[in-house]
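Read through the structure below, which is laid out as structure tokens, and then see the notes.
Values in this document were obtained by computation on a predicted structure and should not be read as measured data. Only this structure's heavy atoms are used, side chains among them; waters, hydrogens and symmetry mates stay out.
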Amino acid sequence: MNDPTAKAMLDLAARAAFRGMGNVEPNPLVGCVIVRPGAEPVHERVIGIGHHRVYGGPHAEVDALARCRALGNDPTGATAYVTLEPCNGHGKNPPCVKALVEARIAKVVCAARDETDGKGHGAAALRAVGIPCEFTSVSQRATDLSEPWRHRMRTRLPWVIAKWAQTIDGKLATGSGDSKWISNERSRLRVHRIRAAVDAVMVGGRTVEVDDPMLTARGVPLRRRATRVVVSPSAGLALDRVLAATAPEHATVLVCGANCGEGAAAAGVKLLRIAEHERSDWLRDALVALRREHGVHTLLVEGGARLLGGLIARGLVNEAHVHTGPVVLGDGNGSGSINSGEAELARVGDGQRWRLLSVRRAGDDVQSVYRRRP
């Protein structure tokens with residue numbers, strides 16, 4: 001299906017859905033655009049735009065239908081463009097399929113399938129009552145939108161976003177460990193917006209030791225209060241660091257081995273002990289436990305180089321936000337952005353291939369967003 005109307009409407013639905021980021025998780029971001037039949041240009045036929053606004057609230061289809069009626073528009077005979085297949089089961093809300101049928105929608109076009117047990121297969125239910133339901137990948141924006149949710153349903157792992165600032169020559173820090181500031185204030189504000197919309201922010205123990213970060217969202221609207229996570233398999237968390245000092249006010253988790261962290265626990269830090277055993281993937285086990293025990297569905301990883309490298313090498317990072325600042329260090333001892341600490345690759349062709357989602361300029365910084373190819 002290569003329909004320019006479908007692309008335009010699903011792009012519009014995806015833009016609407018993105019407004020719910022940070023408010024709807026662990027539910028998926030979903031948008032819906034309702035278009036009545038007619039000969040005039042398609043933008044003149046849009047009679048309702050809706051999205052899933054808040055967890056537990058009406059789904060996108062119901063929101064779009066309500067918008068239609070609030071504007072005095074009748075959705076009878078219209079086409080609904082939805083970024084995700086309408087649900088067909090009861091949860092916190094009744095089935096969206098039922099709402100579409102009762103509204104006498106004539107056709108539904110979806111960007112992605114919902115294969116959730118007990119709630120999926122809405123397309124089949126619509127077709128069973130005579131409403132055509134088509135799937136199309138013509139809108140990459142709409143398809144990308146629900147990928148984090150589909151990943152979580154498929155793997156039971158959180159959606160992991162890696163963020164780092166690097167120089168033009170690919171350095172994360174100088175040889176002495178200094179990294180402030182490679183990126184500018186506009187780039188840092190963007191990072192705070194992401195912190196304000198995810199379940200947790202993660203760093204390695206070395207980053208805590210060197211940078212002593214606070215890891216809270218500041219200067220932006222707070223959609224959710226992210227748990228601060230420190231990964232330190234053996235060293236624990238020093239009590240003179242700000243994360244330990246502020247643990248009673250801001251939820252903080254130390255991911256460590258079986259025999260460390262007692263001092264941090266006494267300071268109010270929650271311990272997540274991951275035992276190392278033969279053939280264990282320690283980092284994967286940690287992500288599984290963070291989701292299971294602390295409700296972490298979306299995770300922002302901010303460093304350092306070894307933690308980022310370990311996660312990426314194991315295919316555990318889904319999205320990368322790379323902020324390139326207008327700086328050249330020329331420092332042979334400077335830290336590279338990614339360092340898994342494992343065997344070197346023999347060829348460039350052995351590296352992972354990622355897909356570029358977007359590039360934007362922020363002053364003299366360049367902000368690039370990539371997603372790992374499945």
Side-chain angles (χ1 to χ4, degrees), residues 22-23 25-26 55 152 156-164 177 179-180 188-189 191-277 280-308 310-311 316-317:
N23 289 329
E25 293 85 353
Y55 180 72
R152 295 195 300 266
R156 304 300 173 184
L157 288 166
W159 181 261
V160 179
I161 302 168
K163 164 266 168 185
W164 66 88
S179 61
K180 294 182 178 180
R188 296 197 292 275
L189 185 64
V191 174
H192 281 277
R193 290 195 186 100
I194 300 173
R195 285 182 184 176
V198 297
D199 293 319
V201 179
M202 174 185 282
V203 293
R206 175 64 177 167
T207 295
V208 174
E209 179 184 341
V210 173
D211 294 341
D212 197 16
M214 184 69 173
L215 300 183
T216 55
R218 301 181 294 281
V220 296
L222 192 63
R223 296 195 169 198
R224 52 184 56 203
R225 191 178 295 275
T227 296
R228 306 175 304 179
V229 180
V230 179
V231 176
S232 184
S234 58
L237 175 62
L239 300 184
D240 62 349
R241 304 288 87 181
V242 68
L243 289 177
T246 59
E249 293 81 40
H250 300 277
T252 306
V253 175
L254 173 63
V255 182
C256 58
N259 300 306
C260 68
E262 292 299 338
V269 176
K270 299 175 183 177
L271 300 185
L272 183 59
R273 286 174 165 151
I274 307 297
E276 295 187 68
H277 50 84
S280 170
D281 189 331
W282 197 86
L283 285 173
R284 177 178 288 273
D285 290 348
L287 294 184
V288 170
L290 281 169
R291 176 167 177 176
R292 181 183 65 242
E293 299 182 26
H294 294 279
V296 175
H297 300 274
T298 51
L299 173 66
L300 173 64
V301 182
E302 296 200 25
R306 182 63 66 90
L307 176 61
L308 287 167
L311 289 166
L316 297 173
V317 172

Least distance between heavy atoms, V296 atom then P158 atom: O-CB, 3.4 Å

Using every non-hydrogen atom in the two residues, find where A244 and A238 come nearest and quote the distance to one decimal. CB-O, 3.7 Å

Reported CG-to-NE2 distance for the pair L215 and H192, which is rounded to 0.5 angstrom: 9.5 Å

Is T207 reaching over with its side chain to a backbone N or O of G304, donor-acceptor style, under 3.5 angstrom? yes

Answer yes or no: is there a side-chain heavy-atom contact under 4.5 Å between L287 and L311? yes

Note, T246 side chain near R228 side chain (heavy atom, < 4.5 Å): yes

Determine the sole option in L272, L307, V208, V253 for which the side chain to side chain contact (heavy atoms under 4.5 Å, CB included) test with V230 is passed. V208

Any side-chain heavy atom of L237 sitting closer than 4.5 Å to one from V269? yes

Is the closest side-chain heavy-atom distance between E302 and V191 below 4.5 Å? yes

Just verifying a value: how many Å separate R241 CZ and D211 CG, rounded to the nearest 0.5 Å? 9.5 Å

Restricting to non-hydrogen atoms, name the atom on V242 and the atom on P213 that form the minimum distance, rounded to 0.1 Å. CG1-O, 3.0 Å

About how many Å separate CD1 of I274 and CG of L283, when rounded to the nearest 0.5 Å? 10.0 Å

Straight-line distance of L316 CG to L299 CG, nearest 0.5 Å: 10.5 Å

Ionic contact status for E25 with R152, cut-off 4.0 Å: no

Rounded to the nearest 0.5 Å, how far apart are CZ of R195 and CG of L189? 11.0 Å

Can you see which heavy atom on A286 is nearest to which on V255, and at what distance? CB-CG1, 3.8 Å

Return yes when atom CZ of R225 has more than 12 non-hydrogen atoms of other residues, nucleotides or ligands closer than 6.0 Å, and no otherwise. no

Any side-chain heavy atom of E293 sitting closer than 4.5 Å to one from K270? no

Do T216 and H250 make a side-chain contact, defined as non-hydrogen atoms from C-beta onward lying under 4.5 Å apart? yes

Validation: residues 196-203 side-chain donor-acceptor distances under 3.5 Å, sequence neighbours left out:
from	atom 1	to	atom 2	distance (Å)
D199	OD1	R224	NH1	2.5
D199	OD2	H297	N	2.8
D199	OD2	T298	N	3.1
D199	OD2	T298	OG1	3.3

